Every structure is written in C-alpha cells, then in structure tokens.
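Okay, so here's the structure we're looking at.
This is a predicted model, so every value here is computed, not measured. We're numbering straight along the sequence, starting at 1.
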Amino acid sequence: PGAASAYNRRSVRKRQKGREPMRVSIGSDHAGFEQKQALVDYLAGKGCDVIDRGPDSDERVDYPDFAAPVAHDVADGAVDFGVLVCGTGIGMAISANKVHGVRAVNIINTQFAALSREHNDANLVTLSGRFVPLEENERILDTFFATPFGEGRHTGRVEKIMALEN
C-alpha cells in the first residue's frame, strides 16, 4: 500500500498537468518496422511529440533491444505513453513488462484498448504489424490515448499489480 499508493498519486498528478503535446515513445523490430514508420508520421500529424527509438531499417533485429528503451521512457516519466510494434506484439509486451512501472498490453482491437486503459491504467501498448492492418492500429492508438483510467474499484487492483514488482 505505501509504494502502491504513491504510484496512484503520481499517475493522477501527471494527468492533471495536461502536458501538451502528448509525448510518445515508439519502437519496433524488423517485423513491425513498416507500421512503426507509418505510425510515427500518423502520431506526429496528430500533434504528438514522438520519440522514435528505432530501428532505422527493416534489417533483422532482436525485439527486446527496442522494447527496453521505450519501456524505460515510460517508467521514467519521460513520455506519456509507449508504443511497440512487432510481428504479433506479444514478445514486445513480455519484454516491456520486465521494466518496473510499465503496464504493457498487447492490443488487437479498440475494445481491448479502451478496457486496458479504463481497468488497468495501461501505459504502453504493443501492436501486431503482421496480423492487424495499419488503419486498425491507428484506431487502437486513438482509443488507447483517449481513454482515461476509470479509477474507483480499479485503483486497488492496479495497486496490487504494481506491488507484485517488489
């Protein structure tokens, strides 16, 4: 409860600051490279301050190497949200969730995007660059970023999730 309560107060303060523009850290592996590039342009076009953590080409890379800097950006509070794209999004989510303070979710539709924010206060979304079309991933990001944490009964549950890190 001590550390978990500090988590909750910190996240509420961050949202109340209304920092503009929204800061987003994004990365991918080779399988997600093409969509990542398109999503960087999409987010920048919506006025987001985007930090592209790579890679710079579609040459084969190891996804944990690109999940880590994005996850650390989120955990350190340098950005509002993180976005990772790989073939399925699954490996990126597993990797990002190893970083304390990150609540990464692999999302394949807008309903899951909304629920992950409302119920779990997710702060990093992982996307499939192979199985989900770009247009759907854009809608997922729009929903994810626009949906607030529901707080209330969900706060205690998220506090318990965060306490598992200790």
Side-chain angles (χ1 to χ4, degrees), residues 10-11 14-15 17-149 158 161 165:
R10 184 176 62 245
S11 66
K14 183 177 177 182
R15 275 194 290 284
K17 284 183 186 177
R19 183 172 58 197
E20 294 293 333
M22 182 186 305
R23 290 182 50 91
V24 178
S25 182
I26 189 168
S28 73
D29 68 358
H30 53 282
F33 176 75
E34 186 177 319
Q35 278 208 25
K36 181 207 48 139
Q37 295 299 98
L39 291 170
V40 166
D41 293 340
Y42 178 74
L43 294 172
K46 289 185 144 300
C48 294
D49 181 6
V50 181
I51 300 169
D52 185 348
R53 293 297 190 181
D56 297 325
S57 76
D58 63 357
E59 295 294 315
R60 193 199 72 77
V61 296
D62 296 326
Y63 56 83
D65 296 337
F66 296 91
V70 171
H72 284 287
D73 285 346
V74 171
D76 296 343
V79 297
D80 298 297
F81 295 107
V83 178
L84 292 166
V85 190
C86 68
T88 62
I90 296 168
M92 287 289 201
I94 292 169
S95 299
N97 275 321
K98 298 295 182 183
V99 176
H100 285 255
V102 171
R103 291 173 306 285
V105 289
N106 181 223
I107 300 296
I108 58 168
N109 62 47
T110 58
Q111 294 86 1
F112 285 14
L115 289 170
S116 73
R117 289 285 307 127
E118 182 183 344
H119 291 196
N120 309 113
D121 200 15
N123 53 16
L124 192 154
V125 61
T126 69
L127 304 170
S128 170
R130 286 191 177 145
F131 300 101
V132 178
L134 175 62
E135 297 75 19
E136 180 66 9
N137 279 334
E138 291 170 347
R139 288 189 291 273
I140 287 168
L141 291 182
D142 289 343
T143 301
F144 187 82
F145 296 153
T147 304
F149 177 46
V158 174
I161 291 169
E165 294 181 340

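- Summarising the geometry, atom CG belonging to Asp121 is positioned 5.0 Å from atom CZ belonging to Phe149; distances are rounded to the nearest 0.5 Å.
- Gln35 and Val132 make their closest contact through NE2-O, 2.8 Å (heavy atoms, listed as atom of the first residue, atom of the second, distance).
- The minimum heavy-atom distance between Ala104 and Ala96, with the atom names listed, is CB-CB, 3.8 Å.
- Using a 4.5 Å heavy-atom cutoff, the side chains of Ile94 and Tyr63 are not in contact.
- By the side chain to side chain donor-acceptor pair (under 3.5 Å) test, Thr126 is found to be paired with Asn106, residues two or more places apart in sequence or in another chain being considered.
- Residue pairs meeting the side-chain hydrogen bond (donor to acceptor under 3.5 Å, both in side chains) criterion with at least one member in residues 89-98: none, sequence neighbours excluded.
- Evaluation of the salt bridge (charged side-chain N to carboxylate O under 4.0 Å, His left out) test over residues 38-52, restricted to residues two or more places apart or in two chains, returns Arg23-Asp49, Lys36-Asp52, Lys46-Asp142.
- For residues 28-61, the set of pairs meeting the ring-ring contact (aromatic ring centres under 6.0 Å, His included) definition, not counting sequence neighbours, is empty.
- Among all heavy-atom pairs drawn from Pro21 and Gly47, the shortest one is CB-O, 2.9 Å.
- For residues 87-133, the pairs satisfying ring-ring contact (aromatic ring centres under 6.0 Å, His included) are His119-His154, with sequence neighbours left out.
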Decide yes or no on side chain to side chain contact (heavy atoms under 4.5 Å, CB included) for Val99 and His72, but give the supporting numbers first.
CA-CA 7 Å; Val99 176; His72 284 287; 3.8 Å; yes

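- For the atom pair CG (Asp80) and CG (Leu124), the distance works out to 12.5 Å, reported to the nearest 0.5 Å.
- Among residues at least two apart or in separate chains, salt bridge (charged side-chain N to carboxylate O under 4.0 Å, His left out) pairs with a member in residues 129-138 are Glu136-Arg139.
- Judged as a salt bridge (charged side-chain N to carboxylate O under 4.0 Å, His left out), and not counting sequence neighbours, Asp65 has no contacts.
- Judged by distance alone, the side chain of Glu34 and the main-chain N or O of Gly129 form no donor-acceptor pair under 3.5 Å.
- Scored by the salt bridge (charged side-chain N to carboxylate O under 4.0 Å, His left out) test, Asp73 finds Arg53 as partners (sequence neighbours excluded).
- Asn109 contributes a side-chain N or O that, together with a main-chain N or O of Gln111, makes up a donor-acceptor pair within less than 3.5 Å.
- Looking only at distances, no side-chain donor or acceptor of Ser28 sits under 3.5 Å from a matching main-chain atom of Cys86.
- In this structure Ala122 satisfies the side-chain contact (heavy atoms from CB on, under 4.5 Å) test together with Val105, Ser116, Phe144, sequence neighbours excluded.
- Legend: residues meeting side-chain contact (heavy atoms from CB on, under 4.5 Å) with Asn123, ordered by chain and number and at least two apart, are Val74, Val102, Arg103.
- In this structure, Val79 and Val24 have side chains that are not in contact, with every pair of non-hydrogen atoms separated by 4.5 Å or more.
- Of all non-hydrogen atoms in Met92 and Ala67, the two that sit nearest each other are SD-CB, 3.7 Å.
- The only option from Leu141, Thr143, Thr147 that meets the side-chain contact (heavy atoms from CB on, under 4.5 Å) definition with Thr110 turns out to be Thr143.
- In this structure Asp58 satisfies the salt bridge (charged side-chain N to carboxylate O under 4.0 Å, His left out) test with no other residue, sequence neighbours excluded.
- Atoms CD1 and CD1, from Ile108 and Ile140 in turn, are 7.5 Å apart once rounded to the nearest 0.5 Å.
- Note that CG of Leu134 is 10.0 Å distant from CG of Leu127, once rounded to the nearest 0.5 Å.
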